[in-house]
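Written below as structure tokens is the structure these notes are about.
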There are 2 protein chains.
Amino acid sequence: MVEELDKRKKRILQAIIQEHIISASPIGSRTLAKKYSLDVSPATIRNEMADLEDLGYLEQPHTSAGRIPSDKGYRYYVDELIRREEQDVSGIIKNIEDLYQDLQNVQDIISGMAKMLSNITHYTALVSEPKTQVSRLKKVEIMQLENNSLLVVLVTDTGMVNNKIIKLQQSLSARKISYLNSFLSDKLENKLLSELDLNYLNSLEKELLAKLDLSVDLFKQFYNELEGAFEPDGVKVYLGGTSYILEQPEFNDLERLKKMLKLLDQEEMLKKIINSISNQDLEIKIGQENELEDIKNCSLVVATYYISNRAVGKIGVIGPTRMEYPRVISSVDVISDILGNLISKASG
Amino acid sequence: MVEELDKRKKRILQAIIQEHIISASPIGSRTLAKKYSLDVSPATIRNEMADLEDLGYLEQPHTSAGRIPSDKGYRYYVDELIRREEQDVSGIIKNIEDLYQDLQNVQDIISGMAKMLSNITHYTALVSEPKTQVSRLKKVEIMQLENNSLLVVLVTDTGMVNNKIIKLQQSLSARKISYLNSFLSDKLENKLLSELDLNYLNSLEKELLAKLDLSVDLFKQFYNELEGAFEPDGVKVYLGGTSYILEQPEFNDLERLKKMLKLLDQEEMLKKIINSISNQDLEIKIGQENELEDIKNCSLVVATYYISNRAVGKIGVIGPTRMEYPRVISSVDVISDILGNLISKASG
DNA sequence: TTTTAGCACTCGCTTAACGAGAGTGCTAAC
DNA sequence: GTTAGCACTCTCGTTAAGCGAGTGCTAAAA
């Protein structure tokens with residue numbers, strides 16, 4: 001399927017894609033001959049272009065228009081024609097990490113990085129929260145707010161803090177609360193959240209009720225929260241720079257624009273999108289390569305970010321297939337690193 | 001300025017507005033005569049329409065088009081021509097409160113209500129978090145996470161919970177932490193957040209350092225958080241149903257749509273919008289009545305919501321001046337009540 | 001005095017026609 | 001294998017014509 005192209009074909013394919021990325025319109029043989037020193041006449045280029053079209057790398061919107069790259073063309077470009085390290089964004093970006101140093105709340109860091117990534121790339125950015133399944137519970141604490149309301153605080157080692165106010169019929173003595181805290185700390189802390197399943201929690205409930213005279217109510221609410229707060233599907237997805245899609249000429253069509261914006265408005269959809277990406281360090285999905293019907297005319301560039309060597313979340317951008325891949329790839333790469341670092345530092 | 005209109009003029013104005021709200025296009029005399037039983041000929045209606053235009057209630061996009069309502073026309077409609085209680089949405093909405101009963105996190109309640117309001121009205125909804133200045137600090141608690149990191153939890157009586165992980169050079173003994181907690185509880189809890197100014201905090205710092213051997217670091221970080229978390233401008237604004245503006249024909253113009261979406265993409269702007277609304281129970285701003293240049297072609301319907309009788313936040317919708325005012329007004333009214341109730345219960 | 005019928009006129013919108021421009025594919029010569 | 005030349009195709013922007021909805025005015029009717 002992936003034929004080896006001769007040097008001139010490569011050169012021409014690359015030139016067409018680069019030109020198309022800039023102009024967003026079909027590229028003709030004359031333009032190409034003028035702007036790139038290919039040392040052959042337009043007629044020759046035309047022949048080569050016809051070949052590239054036969055091979056599936058180019059498409060013709062209609063007879064007598066120039067050519068545009070196909071998904072396969074972009075794929076070849078990304079895999080073979082660009083050097084990944086080419087772009088040196090690191091210099092510009094180096095100080096971002098310092099800039100965001102004092103954001104110590106994970107949510108703020110994530111939404112900050114979503115904005116940052118979209119600003120750098122000028123595409124819409126997507127970031128998922130750290131996955132809960134691979135997180136450990138670092139701290140469980142119950143505090144009394146008023147006589148019959150408690151605050152439950154849960155902290156994971158990925159820095160996610162979750163809190164809920166629980167209301168009770170009865171009030172609890174300070175002694176009971178303190179017992180409860182040490183009991184829960186003992187049983188829950190440093191456990192993987194995936195270990196805290198219904199079975200385990202039920203057994204805890206029994207054990208606890210045997211020792212302490214408590215309303216069933218409390219524990220039920222408590223583990224509702226635990227389950228709810230950290231359920232796999234509950235992982236939020238943050239968006240940055242939605243309005244950048246407005247700058248893309250491919251969305252000048254009102255219908256397409258509407259479709260896209262509606263899509264980004266549904267959180268369910270964002271979750272699906274980001275979950276459709278495998279756990280590679282950096283994955284690129286071009287057009288039809290996407291499983292989801294609605295984004296088959298888009299490209300995704302998504303990296304996995306790490307907290308203490310665990311792959312916990314994803315960060316990337318979504319845009320038209322005509323995307324500035326080299327710049328975007330470097331940016332996503334760098335920002336994903338920074339994101340991991342910032343969260344690691346913040347969550348100590 | 002607000003002339004009294006005779007009965008027929010009122011009737012005609014109302015008919016034009018109602019018709020325009022449905023059709024989104026200029027209304028002519030013939031249409032009006034056909035659809036509404038006004039018992040006069042189109043010619044008569046034309047004369048009346050010309051009068052209404054002279055008085056400023058109607059506008060003509062161009063000669064030989066029908067009339068559309070002016071801002072003044074809508075204002076008259078809202079003030080004089082609709083009965084506020086007319087719409088009975090309460091029935092449909094009654095069970096929303098039950099539905100959301102178990103959402104006990106204030107942020108979730110707010111974003112849930114933003115979505116709900118936008119779904120009911122089919123306009124974009126805006127909701128601001130409870131203002132911090134009028135909130136009391138209900139609970140301050142510092143917990144040890146690891147040797148040199150602490151978790152600070154702040155809870156207000158409006159149910160807002162704020163947490164931050166603080167890193168220190170030294171580690172603190174359990175005794176010190178417990179002392180710190182009772183000290184801070186004593187000095188900070190049940191105070192209005194507006195009272196906790198720099199002066200007060202500085203005096204606390206002195207007092208504390210005198211009694212306890214602490215790194216200056218800790219307290220500095222602590223009150224950075226306190227200041228930061230609850231600063232007036234920090235109040236977030238939640239959006240719901242951005243994509244509903246796509247359904248409005250007035251935004252079928254790509255340029256206008258872009259402008260609007262960019263606007264809603266900037267949180268700063270949303271804050272300005274919602275802060276431009278006075279503290280009335282229900283305020284309606286029609287087109288030019290808005291101070292902000294960018295939304296002079298939009299209408300806002302915004303209600304204040306209350307927690308234990310304090311006006312703490314705002315909830316409303318933004319849409320084209322051609323808005324279904326009666327339905328929107330009732331909806332905003334009802335939902336603002338529900339929002340207040342839900343938060344009160346959750347933070348109770 | 002108010003209402004109405006009649007009518008000429010205006011304006012926006014849609015459709016069709018047309019020409020310019022860009023680009024192609026093919027053929028034949030280099 | 002490469003290139004010049006050329007007829008052909010297709011899009012896009014502009015112009016013109018026709019339609020439809022609606023108006024304002026006048027003069028007659030109520």
Side-chain angles (χ1 to χ4, degrees), chain A residues 5-13 15-17 19-20 22-70 73 249-250 252-254 256, chain B residues 5-13 15-17 19-20 22-70 73 249-250 252-254 256:
Chain A
L5 300 179
D6 66 52
K7 213 159 180 179
R8 195 169 65 190
K9 282 201 175 56
K10 280 189 191 177
R11 185 94 183 78
I12 289 177
L13 179 55
I16 290 177
I17 294 184
E19 199 57 25
H20 180 66
I22 298 168
S23 72
S25 43
I27 311 301
S29 54
R30 234 182 75 85
T31 329
L32 224 53
K34 247 190 306 181
K35 287 212 185 175
Y36 292 77
S37 44
L38 298 167
D39 297 327
V40 283
S41 75
T44 311
I45 297 177
R46 277 206 287 284
N47 289 330
E48 293 284 44
M49 283 163 87
D51 287 352
L52 284 168
E53 186 177 352
D54 287 342
L55 293 169
Y57 295 101
L58 294 179
E59 285 169 2
Q60 215 172 5
H62 56 266
T63 0
S64 90
R67 303 300 207 292
I68 57 173
S70 67
E250 16 273 285
N252 270 357
D253 174 44
L254 202 59
R256 265 188 84 178
Chain B
L5 300 179
D6 65 53
K7 213 157 182 182
R8 195 169 67 188
K9 283 201 173 59
K10 280 189 190 176
R11 184 95 183 76
I12 290 176
L13 179 56
I16 290 177
I17 294 184
E19 199 57 25
H20 180 68
I22 298 168
S23 72
S25 45
I27 312 299
S29 53
R30 235 182 74 85
T31 328
L32 224 53
K34 249 192 302 183
K35 286 213 186 176
Y36 293 77
S37 44
L38 297 167
D39 298 326
V40 284
S41 75
T44 311
I45 297 177
R46 278 204 288 284
N47 290 330
E48 294 285 42
M49 284 164 86
D51 287 352
L52 283 167
E53 186 176 352
D54 287 342
L55 292 169
Y57 295 101
L58 295 178
E59 284 170 3
Q60 215 172 5
H62 55 267
T63 1
S64 90
R67 304 300 207 292
I68 58 174
S70 67
E250 16 274 286
N252 270 356
D253 176 44
L254 203 59
R256 265 187 85 178

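Chain naming here is simple, since letters A, B, ... match the order of the sequence lines and numbering starts at 1 in each.
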With side-chain hydrogen bond (donor to acceptor under 3.5 Å, both in side chains) as the rule and sequence neighbours excluded, what pairs involving residues 60-70 of chain A come up? A/E53-A/R67

Does [X] have a side-chain nitrogen or oxygen under 4.0 Å from the phosphate oxygens OP1 or OP2 of [N]?
| X | N | value |
| --- | --- | --- |
| A/T44 | D/dT3 | yes |
| A/R8 | D/dT2 | yes |
| A/S64 | D/dC8 | no |
| B/T63 | C/dC11 | yes |
| A/R67 | C/dA22 | no |

Value in whole Å for how far the [atom2] atom of [N] lies from [atom1] of [X]:
| X | N | atom1 | atom2 | answer |
| --- | --- | --- | --- | --- |
| A/N47 | D/dA4 | CG | P | 13 Å |
| B/R30 | D/dT23 | CZ | C1' | 14 Å |
| A/E59 | C/dG23 | CD | P | 18 Å |
| B/I16 | D/dG22 | CD1 | C1' | 13 Å |
| A/I45 | D/dG1 | CD1 | P | 17 Å |
| B/E53 | D/dT23 | CD | C1' | 11 Å |
| B/H20 | D/dA21 | NE2 | P | 19 Å |
| B/L38 | C/dT2 | CG | C1' | 17 Å |

Could you report the tightest heavy-atom contact between [X] and [Y], atom names first, then the distance?
| X | Y | value |
| --- | --- | --- |
| B/V40 | B/R8 | CG1-NH1, 3.8 Å |
| B/G73 | B/I17 | O-CD1, 3.5 Å |
| A/K9 | A/L5 | CB-CB, 4.1 Å |

Nucleotide nearest A/R46 (side chain, heavy atoms from C-beta), chosen from C/dT4, C/dC11, D/dC6: D/dC6

Would you indicate which nucleotide in D/dT3, C/dA5, C/dT24 comes nearest to any side-chain atom of A/Q60? C/dT24

Upstream residue (5' side of DNA chain C) when B/P61 and B/E48 are each assigned their closest nucleotide: B/E48

Residue whose closest nucleotide on DNA chain C lies nearer the 5' end, B/V40 versus A/A65: B/V40

Donor-acceptor list for residues 26-35 of chain A side chains, cut-off 3.5 Å, not counting sequence neighbours:
unit_1	atom_1	unit_2	atom_2	d
A/S29	OG	A/R46	NH1	3.2
A/K35	NZ	A/E19	OE2	3.0

